[in-house]
Amino acid sequence: FNSRLLDGVHLTITAGPTREAIDPVRYISNHSSGKMGYALASAAADAGARVSLISGPTNLPCPDRVQRIDVVSATDMHNAALAVMGQCQVFIACAAVADYRPVNCADQKIKKDNESMRIDLVRNPDIVAAVANHAQRPFTVGFAAETQDLLHYARDKLQRKNLDMIVANDVANTSIGFNANDNAVTVVTPGGEQSIAQMGKNQLAVQLIALIAQEFHCSQS
Ligand code: C5P
């Protein structure tokens with residue numbers, strides 16, 4: 001029973017997709033449901049943490065005892081993360097942030113006047129890397145959703161983004177990952193790795209929060 005694992009710890013989680021506006025009525029987005037991030041927020045609150053959930057648009061109710069900060073675009077999520085990061089000790093990046101956004105958002109609805117059209121895109125900021133590279137960085141956890149060479153990419157991201165932990169998840173398997181109710185992961189830290197077998201996202205979240213709490217407390221001592 002781990003109800004006191006994160007007592008007094010302020011933890012921030014990003015969750016869900018982002019939407020990148022093309023014009024006032026259209027956007028680019030992805031299929032993230034937000035389920036994993038919301039399950040982590042709920043499990044962290046149960047473990048005693050003060051939880052800020054920076055959420056892109058989802059259909060999920062805000063878990064009890066969680067403060068939700070609603071955002072739409074990656075730029076909004078980046079600003080919200082930088083605003084809370086000075087006060088939090090643990091940061092978990094679970095959001096499926098759009099990698100690119102349209103260079104310009106049209107003021108008016110774009111009309112279908114042409115047979116083809118182009119939308120120029122520009123890279124979005126890497127939110128978790130920005131948090132992890134900050135001078136007063138919190139204990140920072142990322143996710144890696146991959147369809148091949150999972151552990152290779154996860155180890156690479158751990159190092160490149162300067163993370164304390166990365167949760168690797170094989171999205172080629174449709175029974176886990178995006179929109180599924182189950183997940184199975186390998187947790188990678190600089191010191192080693194550990195697999196967690198397939199189970200419901202809520203149950204997995206409890207196990208992940210226990211592991212994050214353990215690693216966080218070790219990093220403090
Ligand atoms: O590089 P990639 O998108 O695969 O990395 C995934 C991890 O980085 C996730 O933890 C995700 O939330 C985070 N991320 C982010 N900002 C981005 C892109 C990814 O925080 N712009």
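Numbering starts at 1 and runs along the sequence shown. Read the numbers this way: they start at 1 and go in the same order the structure lists the ligands and their atoms.
Between Lys157 and ligand 1, at least one pair of N/O atoms sits closer than 3.5 Å. Ligand 1 has an N or O atom lying under 3.5 Å from an N or O atom of Lys161, backbone or side chain. For the pair Gly142 and ligand 1, the shortest N or O to N or O distance does not fall below 3.5 Å. Backbone and side-chain nitrogen or oxygen atoms of Ala144 are examined, and none is located within less than 3.5 angstrom of a nitrogen or oxygen of ligand 1. At a 3.5 angstrom cut-off on N or O pairs, Phe143 counts as close to ligand 1. Here's the thing with Val97: none of its N/O atoms is less than 3.5 angstrom from an N/O atom of ligand 1.
Proximity of a side-chain donor or acceptor of Asn104 to a complementary backbone N or O of Ala106 within less than 3.5 Å is not detected.
Between the CZ atom of Arg4 and the CG atom of Asp46 there is a distance of 12.5 Å, given to the nearest 0.5 Å.
Not a single heavy atom of His78 lies less than 4.0 angstrom from ligand 1.
Every atom of ligand 1 with a heavy atom of Val128 under 4.0 Å away is listed here by number and element: 8 (O), 13 (C), 15 (C), 20 (O). Taking a cut-off of under 4.0 Å to the non-hydrogen atoms of Ala93, the atoms of ligand 1 that pass are 9 (C), 10 (O), 12 (O).
For Phe216, the CZ atom sits in a packed shell: over 12 heavy atoms of surrounding residues, nucleotides or ligands are nearer than 6.0 Å. Counting non-hydrogen atoms of neighbouring residues, nucleotides and ligands closer than 6.0 angstrom, the CD atom of Gln198 exceeds 12 such neighbours.
Under 4.0 angstrom from ligand 1, the non-hydrogen atoms of Pro125 all belong to its backbone.
Residue Lys35 forms a side-chain contact (heavy atoms from CB on, under 4.5 Å) with just one option from Thr58, Leu40, Asn202, Asn181, and that option is Asn181. Under the side-chain contact (heavy atoms from CB on, under 4.5 Å) test applied with Phe91, the options Ile13, Ile127, Asp164, Leu11 reduce to a single match, Ile127.
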Next on the checklist: With side chain to side chain donor-acceptor pair (under 3.5 Å) as the criterion, how do Ser73 and Tyr27 come out once you've worked through the C-alpha distance, each side chain's angles and the decisive distance to 0.1 Å?
Outcome noted: CA-CA 10 Å; Ser73 67; Tyr27 56 81; over 6 Å; no

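The pair Asp120-Arg118 does not meet the salt-bridge criterion, since no charged nitrogen lies less than 4.0 angstrom from a carboxylate oxygen.
Taking atom 16 (N) of ligand 1 as the reference point, the nearest protein heavy-atom neighbour is Ile127 N, 2.9 Å. Ranking protein heavy atoms by distance to atom 14 (N) of ligand 1, first place goes to Asp126 OD1, 4.0 Å.
Comparing Ala96, Ala154, Ala95, Cys94 by heavy-atom distance to atom 12 (O) of ligand 1, the nearest is Ala95.
Thr14 places none of its side-chain heavy atoms less than 4.5 Å from the side chain of Val97.
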